[in-house]
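Here the structure is laid out as structure tokens; the discussion comes afterwards.
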Amino acid sequence: MNESFSTDRDRFSGRFAVIAAAAGSAIGLGNIWRFPYVTGENGGGAFLIIYLFIVFAIGIPVMTSEFVIGRAGQKNPYGSFKNLAPGKPWYLIGLMGVVAAFMILAFYTTVSGWTLEYVYQTLTGNLQGKSDAELTGMFDVFLKGSFRPVLWFLIFMGFTAFIILSGVKNGIERYTKFLMPLLIVLLIALSIRSVTLEGSKAGLQFLFNPDFSKITPKVILEALGQAFFSLSIGMGTLITYGSYIQKNENLGSSALFVCVADTAVAVIAGIAIFPAVFALGGSPASGTGLVFIVLPVIFQKMPFGQLFELLFFILLAVAALTSTISVLEVIVAYLVEELKMTRRKATIAATLMVSVLGIITVLSMGSLSKFLVFGKNIFGLLEYLTSNIMLPIGGFFIVLFIGWFFSPARTKAELTNDGKLKAGYFPVFLFIVKFVAPVAIAMVFLYSLGIFKF
Ligand code: PHE
């Protein structure tokens with residue numbers, strides 16, 4: 001009796017650490033910065049419905065599959081595939097994940113740097129008493145300047161490297177445990193202020209009243225990309241974290257919880273942003289700067305707004321940090337395990353390489369903005385290639401691997417912890433990873449390329 005009680009307790013706290021780390025990776029700028037701006041550019045309500053459908057039909061199975069591959073393979077994404085499928089080319093998926101990690105870090109850390117600028121601006125009182133137009137102008141001026149965005153980028157990259165180096169991931173978990181709920185509480189407070197602004201109703205309608213005529217192939221591809229990006233799936237972050245998960249933890253329920261929490265935060269962020277956008281007469285399709293322009297305006301209209309604003313941007317920076325460390329960890333784990341570098345060397349090498357690409361990315365929002373590839377600046381290009389192309393391709397092969405290559409018995413053993421857990425969902429899961437998820441991802445691709453029509 002006593003013994004089973006104590007194992008239950010151990011299990012619970014263990015599971016919490018996993019969920020905290022994976023949720024820390026998933027919840028970040030993808031939810032609070034990217035979700036609102038992409039939803040805004042893709043028509044609102046109808047996009048949201050497709051997004052939700054993709055999270056549940058594709059996202060949860062891909063995340064679960066990544067956990068299975070990581071915990072069974074016990075290595076970085078490349079090494080895990082090599083372990084589970086020796087002599088077969090599946091490791092290429094892991095390799096693509098490592099490449100994607102470089103690309104994501106370059107633009108993600110750029111935006112993380114913006115959060116630091118806003119922490120700084122709030123601290124110095126520079127945002128206080130500014131008009132809506134002045135606040136918009138400040139963001140543009142900041143972005144076009146070269147020095148400060150680069151500086152913040154490097155500082156943020158430094159924080160990320162420091163945490164990976166000192167291996168204080170456990171410490172981070174301890175903080176995220178209460179900082180993330182606090183961020184959510186603040187987001188809810190912002191939402192309340194936002195929906196009580198005059199003229200905000202149209203914003204709620206925009207988000208929750210689907211206009212299906214707005215659905216185009218592009219909208220569906222964007223929803224797919226946003227889901228993968230927001231859930232941190234398709235590039236091996238959760239394979240890497242999966243390899244650190246203890247053998248007695250429940251992979252299926254962890255994935256479910258992370259996906260639900262991640263989606264909830266995105267929707268709350270939407271409720272905080274869109275009513276305010278409409279109340280202030282702005283356009284929901286204002287692009288990457290959307291939340292950095294809108295949120296400071298709402299804070300101006302709240303009691304103790306400056307205090308809330310300071311807290312909010314600090315917490316947003318922390319949320320971004322728990323995501324950047326999960327991406328850098330993919331590269332470092334690869335360098336350490338495959339190229340036999342020390343953790344220190346690997347971290348420094350990865351940080352330097354990311355920084356070179358990152359500085360170019362930062363400048364592509366300003367002085368290099370005339371340099372376009374496929375009509376996109378470097379920032380936009382990296383964002384598009386990773387979220388809309390590489391992550392879905394990675395996810396496609398990840399479910400294919402679990403559905404068709406890896407033995408169902410071994411998958412079941414991982415999901416039930418060798419029969420210790422019930423996993424009544426297993427047949428459904430297997431059906432989804434065999435058929436539903438790969439077909440859905442392939443269809444979205446072919447549809448958006450115009451090869452396939454509904
Ligand atoms: N999911 C993170 C976010 O929403 C970003 C991320 C993408 C992290 C891919 C890891 C891998 O902020």
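Hydrogens, waters and symmetry mates are skipped; everything else that's a heavy atom, side chains included, is used. Whatever order the structure lists them in is the order used to number ligands and atoms, beginning at 1.
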At less than 4.0 angstrom from any non-hydrogen atom of [X], what atoms of ligand 1 do you find?
| X | answer |
| --- | --- |
| Asn31 | 4 (O) |
| Thr237 | 10 (C), 11 (C) |
| Ser323 | 2 (C), 12 (O) |
| Gly30 | 3 (C), 4 (O), 12 (O) |
| Val327 | 8 (C), 10 (C), 11 (C) |
| Met235 | 9 (C), 11 (C) |

Tyr118 side chain near Phe139 side chain, heavy-atom distance below 4.5 Å: yes
Test item: Glu66 and Ile233 side chains (from C-beta on) under 4.5 Å apart, heavy atoms: yes
Relative to the ring of [Y], is the ring of [X] parallel (under 30°), tilted (30 to 60°) or perpendicular (over 60°)?
| X | Y | value |
| --- | --- | --- |
| Trp404 | Phe435 | perpendicular |
| Tyr108 | Phe229 | tilted |
| Phe47 | Phe35 | tilted |

Pairs of nitrogen or oxygen atoms closer than 3.5 Å, one from [X] and one from ligand 1: do any exist?
| X | answer |
| --- | --- |
| Ser232 | yes |
| Tyr108 | yes |
| Ser230 | yes |
| Leu29 | yes |

Salt-bridge contact Arg34-Glu383 (side-chain N to carboxylate O under 4.0 Å): yes
Results of side chain to side chain donor-acceptor pair (under 3.5 Å) for Thr115 - residues two or more places apart only: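 None.
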Output field: ring centroids Trp152/Phe156 closer than 6.0 Å: no
Atom 7 (C) of ligand 1 - nearest protein heavy atom and its distance: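 The protein heavy atom lying closest is Phe229 O, 3.3 Å.
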Residue and atom name of the nearest protein heavy atom (relative to atom 2 (C) of ligand 1), distance in Å to one decimal: Ser25 O, 3.2 Å
Lys/Arg cation over aromatic Phe142: Arg148, 6.0 Å, 45° cone: no
Candidate with minimal heavy-atom separation from atom 4 (O) of ligand 1, of Ala26, Ala22, Gly24, Ser112: Ala26
